[in-house]
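Sequence lines set the chain letters: A, B, ... in the order given, protein chains first and strands last, and positions in each chain run from 1.
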There are 4 protein chains.
Amino acid sequence: MGDGVTAARRSPGRPRRADAERRILDAAIDEYLERGASGFTIDGVARRAGVGKSTVYLRWPDRDTLLVDSVLARSRAIEDVDTGSLRGDLVALSVNMLRFLLDPVGFATLRLTVEAVASGSTREVTTGVADRHRRAAGLVLARAAERGEPVNPGTQARVVECLYGAITMKALAHGLETDATSEATIVAACVELVDLLLPLLLEHVRPPPDPAR
Amino acid sequence: MGDGVTAARRSPGRPRRADAERRILDAAIDEYLERGASGFTIDGVARRAGVGKSTVYLRWPDRDTLLVDSVLARSRAIEDVDTGSLRGDLVALSVNMLRFLLDPVGFATLRLTVEAVASGSTREVTTGVADRHRRAAGLVLARAAERGEPVNPGTQARVVECLYGAITMKALAHGLETDATSEATIVAACVELVDLLLPLLLEHVRPPPDPAR
Amino acid sequence: MGDGVTAARRSPGRPRRADAERRILDAAIDEYLERGASGFTIDGVARRAGVGKSTVYLRWPDRDTLLVDSVLARSRAIEDVDTGSLRGDLVALSVNMLRFLLDPVGFATLRLTVEAVASGSTREVTTGVADRHRRAAGLVLARAAERGEPVNPGTQARVVECLYGAITMKALAHGLETDATSEATIVAACVELVDLLLPLLLEHVRPPPDPAR
Amino acid sequence: MGDGVTAARRSPGRPRRADAERRILDAAIDEYLERGASGFTIDGVARRAGVGKSTVYLRWPDRDTLLVDSVLARSRAIEDVDTGSLRGDLVALSVNMLRFLLDPVGFATLRLTVEAVASGSTREVTTGVADRHRRAAGLVLARAAERGEPVNPGTQARVVECLYGAITMKALAHGLETDATSEATIVAACVELVDLLLPLLLEHVRPPPDPAR
DNA sequence: CTTTAAACGAGACGGTACGTCGGGTCTTACA
DNA sequence: TGTAAGACCCGACGTACCGTCTCGTTTAAAG
């Protein structure tokens, strides 16, 4: 009789525990970081989350899916940046990404991406995070164009690829010597990189020297 | 004048089967390619190699180590290239690497490198293959300098990082849609990339434009 | 007045398969009889019982314990006998025991008893079967006394010991020439033995002759 | 030219180490007593004996045979006894045997006899020790007959069977509560037993009461 | 002295079972 | 209907031992 609200028709039976999903994801990521991929166990996750195995299997179909989800759940916000200049934005973007990859969870995202590609998993998984980064870069470049900076649309995609690729290489090289890499080092490396690539983004950079060949 | 008695003192007991190591590694890589990482089983490898489990465990301490070794054993020769010009060499190098990464074994090398970095494994594992690539690039650049091409030593390392990084990104993007990527596509992508980055390697490219900011 | 609520609080979780225990024990004894003690294998038992190995290990801690239990489970009923006379009862008792020991399962009981004594196992194992025999003998003698037969309580225990001991010796001597020992032979041997020892059970047999010495 | 002596034609090649056999047997029995039948290992024996596995396999065909031999090698001398009287001899014999069975090595002999019977091994194994005992008893009785003691040849075998059987039962009952059973207890038990059975050996014991049956 | 032949230690080999552990499914009693 | 508990079948793990094999070395006797 007109309870009015569209209150989603509550299904019968015991309602799902509200916090279960979060508790499981948290437990999962912790287990992964502590014990690694091969030590990552559904039993272990359920135990740590204080939850029955069936509660896990009710939400995720298998071990791998849970692993992926738990990592992705943590690699959230690639906050948008806006420093007012293209160079500043690109540096900020790079620093964000390098910082992300040097963090255990961020690096885990890379691991999973690679694994997902290898096992031919769903597009979502393989490209989820990468897309977020790409979109952020697109935004920055679009804004630059609006501001009148002479961005060359022809090289744009390739330069972004180089930028992110180089940062990934750096992350692989540094590994996870966790604290060793100070904030200053990170910023310096990114500035260097952006300053190297920036000319390629600007209109007046003439196409390759080409003649001889 | 005496053979110098340097003859390595043979250890006692029955000598190890000479071919066992190779047979196991071959069986291992085959199992890996057929069944994937999670279906990779010591029992299976031993069975396929026609060898007892103990013979495997005598040489490798555990499943993971064998997996890594068997993959690395296959990612051997990054053959040196010499086309006569810097541009040609870089293209050849890039094509080699992209082709390598699009091959199951090559991609597996990437996977393992990432895993190894994550678990803080031995330097050898993490950098073995990467170093070979880096050395090949060094050679190419050194030769270009000898020929008198105006290579800028200041940007060299970073440009190589960009090149390899971008190729890795491409490999991740294409995934293993194995046959989808024809030789032509590969070459085209590499040429494009090299032509984008080459100017940054040449002396007369002035350091970052920088003016304001 | 209340059912007393003594109802054993059912433990949570899926209840154990009711028939698993029996199936495993049956499979175990069969494997034992077919393949002998050294061919007795947990894997084999599980396979034959159509059960997972973990289901076995959930109930028995290891191979040996399962072997003992499965044999003991079969050496059940030492049926009571009542022929109306002491001599008849003793003969029946002896025949029962000799027949039991000449049967594979019965002999296995002897083996296990000896092994259990050697390894200092639980009392139950070492004396379980022996006690049943002893009790049966006690019953027979008690009944004889009730009937008025002049049983000498002083020699009773020792005579029973002699009787069972001699039968064990016979079993060891005959070994398991399974069919070789016909029912007639068994009975004859037992009659002979009982007739030898019976006088020692009766009151009027005076204690050892002793005189000189 | 008749060197006369039957000097066993020495075979060529390096002669067998003289002490190896003994060292192996000693190591074997020690391992058996320490670790039990299932922990008895050829590798372990060889290691403890300071000998290569091949040296063991050169002398014994397999684990079980070595186990049997090593135990039998220790259950040597059932020294003959001669106290001057039948009763004294029988008591001495019984005490010897009970003492033997309460000793770890002696009990092991019993274990092996049982096992050997069960697995239908060679006669020698199954009856080796038993025969020695039987022969000793035969000697004692023969001597008594010579001395003119009225031994009944008809009951002789069965009485000996009872005697040894009863002693075996006692050994099984006492188990290996090693020190618990003092020398005095052993002797007392044997005297009691002999005094119970002795009358059955003497002529004047009339045959079973029989009539009713 | 040299040859021949066996014993010896060491330890690798192909198998096979051990007892443990995890995956993913199922079944119960409660909530 | 969800949940915790936990049993279920399966199969891999890494270890240990079996009995066999292959080495290089040692030891005597025969030539």
Rounded distance (Å) that lies between atom [atom2] of [N] and atom [atom1] of [X]:
{"X": "B:Glu21", "N": "E:dC13", "atom1": "CD", "atom2": "P", "value": "10 Å"}
{"X": "D:Asp64", "N": "F:dC17", "atom1": "CG", "atom2": "C1'", "value": "13 Å"}
{"X": "D:Arg23", "N": "E:dG9", "atom1": "CZ", "atom2": "C1'", "value": "13 Å"}
{"X": "A:Ile24", "N": "F:dT3", "atom1": "CD1", "atom2": "C1'", "value": "11 Å"}

**Request:** For C:Ala18 and for D:Arg63, locate the closest nucleotide of DNA chain F by heavy-atom distance; then report the residue assigned to the nucleotide nearer the 5' terminus.
**Result:** C:Ala18
Nearest to side-chain heavy atoms of [X], which nucleotide of [options]:
{"X": "D:Arg14", "options": "E:dA6, E:dG23, E:dC26", "answer": "E:dA6"}
{"X": "C:Lys53", "options": "F:dG6, E:dG23, F:dA12", "answer": "F:dA12"}
{"X": "C:Arg17", "options": "F:dC9, F:dG14, E:dT25", "answer": "F:dC9"}

Scan the side chains in residues 15-24 of chain B for donor-acceptor partners under 3.5 Å anywhere in the protein, sequence neighbours excluded, and list what turns up.
from	atom 1	to	atom 2	distance (Å)
B:Arg17	NE	B:Asp19	OD1	3.2
B:Arg17	NH2	B:Asp19	OD2	3.3
B:Arg22	NH1	B:Asp26	OD1	3.4
B:Arg23	NE	B:Ala49	O	3.3
B:Arg23	NH2	B:Ala49	O	2.7

**Message:** For DNA chain E, which residues of residues 28-52 of chain A approach it to below 4.0 angstrom with any heavy atom?
**Reply:**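 Within this stretch, A:Phe40, A:Thr41, A:Ile42, A:Asp43 sit under 4.0 Å of the strand.
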**Request:** Name every residue in residues 54-62 of chain B that has at least one heavy atom under 4.0 Å from any atom of DNA chain E, in order of residue number, or write none if there are no such residues.
**Result:**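 Contacting residues: B:Ser54, B:Thr55, B:Leu58, B:Arg59.
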**Asked** With sequence neighbours left out, what residues match D:Arg63 under side chain to side chain donor-acceptor pair (under 3.5 Å)?
**Response**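 Applying side chain to side chain donor-acceptor pair (under 3.5 Å) to D:Arg63 gives none.
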**Request:** Could you tell me which residues satisfy side chain to side chain donor-acceptor pair (under 3.5 Å) with B:Ser38, sequence neighbours excluded, listed by chain and number?
**Result:** none
**Asked** Under 3.5 Å, side chain of D:Thr65 to main-chain N/O of D:Pro61, donor-acceptor pair present?
**Response**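 No: the side chain of D:Thr65 does not pair with the backbone of D:Pro61.
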If you look only at distance, which donor and acceptor atoms sit under 3.5 Å apart when one is on a side chain in residues 50-57 of chain A and the other is two or more places apart or in another chain?
none

**Prompt:** Is there a side chain to side chain contact (heavy atoms under 4.5 Å, CB included) between A:Glu31 and A:Arg47 once you walk through the steps?
**Reply:** CA-CA 11 Å; A:Glu31 286 276 304; A:Arg47 213 175 306 125; over 6 Å; no
**Prompt:** Looking at side-chain heavy atoms only, is the closest gap between A:Val117 and A:Val114 below 4.5 Å?
**Reply:** no
**Message:** Checking side-chain polar atoms at under 3.5 Å, does C:Tyr32 have a donor or acceptor matched by the opposite partner on C:Arg74?
**Reply:** no
**Message:** So, taking the atom named CZ in A:Phe40 and the one named CD1 in A:Ile29, what distance separates them when rounded to the nearest 0.5 Å?
**Reply:** 8.0 Å
